[in-house]
2 protein chains.
Amino acid sequence: MLSDSAPICDNSPVMPNDNTAQSLDYGLGLLLRRAQAAVAGDFTQRFAADNIRAAQYTLLRLLRDRPGLAPTRVGAALGVRRTNFVPLFDGLERRGLAERRRVPGDRRAMALFLSDAGEALLLRLEAVAAAHEAEFTARLGSSAARTALIDLLGRLERDAEAGA
Amino acid sequence: MLSDSAPICDNSPVMPNDNTAQSLDYGLGLLLRRAQAAVAGDFTQRFAADNIRAAQYTLLRLLRDRPGLAPTRVGAALGVRRTNFVPLFDGLERRGLAERRRVPGDRRAMALFLSDAGEALLLRLEAVAAAHEAEFTARLGSSAARTALIDLLGRLERDAEAGA
DNA sequence: TATTGTTATACTCTATAACTATA
DNA sequence: TATAGTTATAGAGTATAACAATA
């Protein structure tokens with residue numbers, strides 16, 4: 001049977017903003033998910049006008065900083081499998097923002113590059129991204145808090161693939 | 001045209017563990033996404049034997065702590081829309097872990113409860129969750145670091161719905 | 001008219017298997 | 001046999017629209 005001693009109906013406001021799970025410590029995972037959703041939502045909203053997704057923006061930046069990278073390697077840096085990287089990059093290539101080139105040494109391999117149009121767009125996007133980052137630095141309270149958060153988040157990834 | 005001055009091919013190891021984006025500061029969003037993926041992956045692995053997803057585990061805990069809540073309210077606490085909450089709860093109800101009850105006052109409303117089987121399962125799951133949390137507390141270095149992280153993550157959610 | 005729960009549906013993200021052409 | 005890139009596809013997760021019953 002069920003817990004008959006429990007109240008039949010409890011629909012009182014769970015929390016000020018309904019974020020019960022946060023205040024009651026329902027684990028790091030849920031908190032991470034909610035925080036990530038908040039940041040990703042803001043990013044998507046700001047980049048909607050340019051029709052650029054978060055992964056594509058990071059991709060553009062990576063291509064400028066490290067031109068000639070292989071698809072598999074870029075995908076790994078973005079946390080995207082090489083199979084899912086294809087349509088992601090195709091979206092940029094179709095718009096003339098980036099392109100694939102063949103590699104002399106290995107006829108299987110490809111090298112990825114940013115186009116001039118991609119570089120121009122990236123310059124504009126970085127201003128939008130700066131505003132996005134500033135918003136969350138403000139929410140955190142200080143630049144030092146942001147640095148601390150970044151450090152802590154980096155630690156969570158350690159040993160991600162190592163067996164217990 | 002493209003950046004012809006760039007090297008034709010650069011496939012040198014981007015980073016020790018290919019996490020280029022982390023060390024080069026590609027924004028809070030990517031770091032959050034990667035950290036969330038690491039935590040969620042560990043959770044999924046540990047709960048695979050019991051065929052329980054993260055949202056369902058949180059749901060079970062919420063039902064025990066606040067029995068009789070309305071679906072819409074529970075969904076909000078979990079960050080799930082009421083339309084997507086239905087199949088999530090159905091999965092638990094079909095297995096006899098939770099159930100819906102009608103509410104006397106309002107004939108539209110439903111009240112959600114944990115079953116005895118659900119409570120028994122939850123007790124076992126909490127031990128698994130404790131090991132999961134301990135793993136990441138260890139990665140963070142200390143319990144204080146975990147507390148600091150939780151505080152910082154909570155700040156990111158502030159004003160999530162407020163217009164700029 | 002608004003609200004609660006629900007269905008149907010679509011779109012994105014992610015994951016697996018298998019193919020090709022090279023090596 | 002192994003690797004790089006790709007294709008096709010299936011499964012989650014998440015989104016909107018609309019409906020029935022009730023307020």
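Within every chain, numbering begins at 1; the chains are lettered A, B, ... in the order of the sequence lines, protein sequences first and strands thereafter.
- Between B:Asp151 and B:Arg155, the shortest heavy-atom distance links the atoms OD2-NH2, 2.6 Å.
- Distances were taken from every side-chain heavy atom of B:Val86 (C-beta onward) to each of C:dT7, D:dG5, D:dG13; the shortest belongs to C:dT7.
- Of the two residues near DNA chain D, A:Asp106 and A:Arg33, the one whose nearest nucleotide lies more 5' is A:Asp106.
- Atom CZ of B:Arg101 and atom P of C:dG5 are 16 Å apart (whole Å).
- Summary of the strand contacts: A:Asp90 and B:Gly79 both lie near DNA chain D, and taking for each the nucleotide with the nearest heavy atom, the more 5' one is attributed to A:Asp90.
- Place B:Phe85 and A:Arg53 on DNA chain C by their nearest nucleotides, and B:Phe85 ends up nearer the 5' end.
- Between A:Thr72 and the phosphate of D:dG5, there is a side-chain N or O to OP1/OP2 separation shorter than 4.0 Å.
- Side-chain to base pairing of B:Thr83 with D:dA18: no donor and acceptor N or O lie closer than 3.5 Å to each other.
- Residue B:Arg73 places none of its side-chain N or O atoms closer than 4.0 Å to OP1 or OP2 of C:dG5.
- For B:Asn84 against D:dA15, a side-chain N or O and a base N or O form a donor-acceptor pair under 3.5 Å.
- For the pair A:Glu99 CD and D:dG5 P, the computed distance is 15 Å after rounding to whole Å.
- Under the 4.5 Å side-chain criterion, counting only non-hydrogen atoms from C-beta, A:Glu99 is not in contact with A:Ser115.
- Set against C:dC13, C:dA2, C:dA23, the side chain of B:Arg108 has C:dA2 as its closest nucleotide.
- Under the 3.5 Å distance criterion, the side-chain polar atoms of A:Arg102 are matched with a main-chain donor or acceptor of A:Arg107.
- Residue B:Arg81 places no side-chain N or O under 4.0 Å from the OP1 or OP2 atom of C:dT7.
- Under 3.5 Å, the side chain of A:Arg107 and the base of C:dT22 form no donor-acceptor pair of N or O atoms.
- Using a cutoff of 4.0 Å between basic side-chain nitrogens and carboxylate oxygens, B:Arg64 and B:Glu119 are not scored as salt-bridged.
- In this structure, B:Glu93 places its CD atom 8 Å from P of C:dT6, rounding to the nearest Å.
- Rounding to whole angstrom units, CE of residue A:Met110 and P of C:dT20 are separated by 18 Å.
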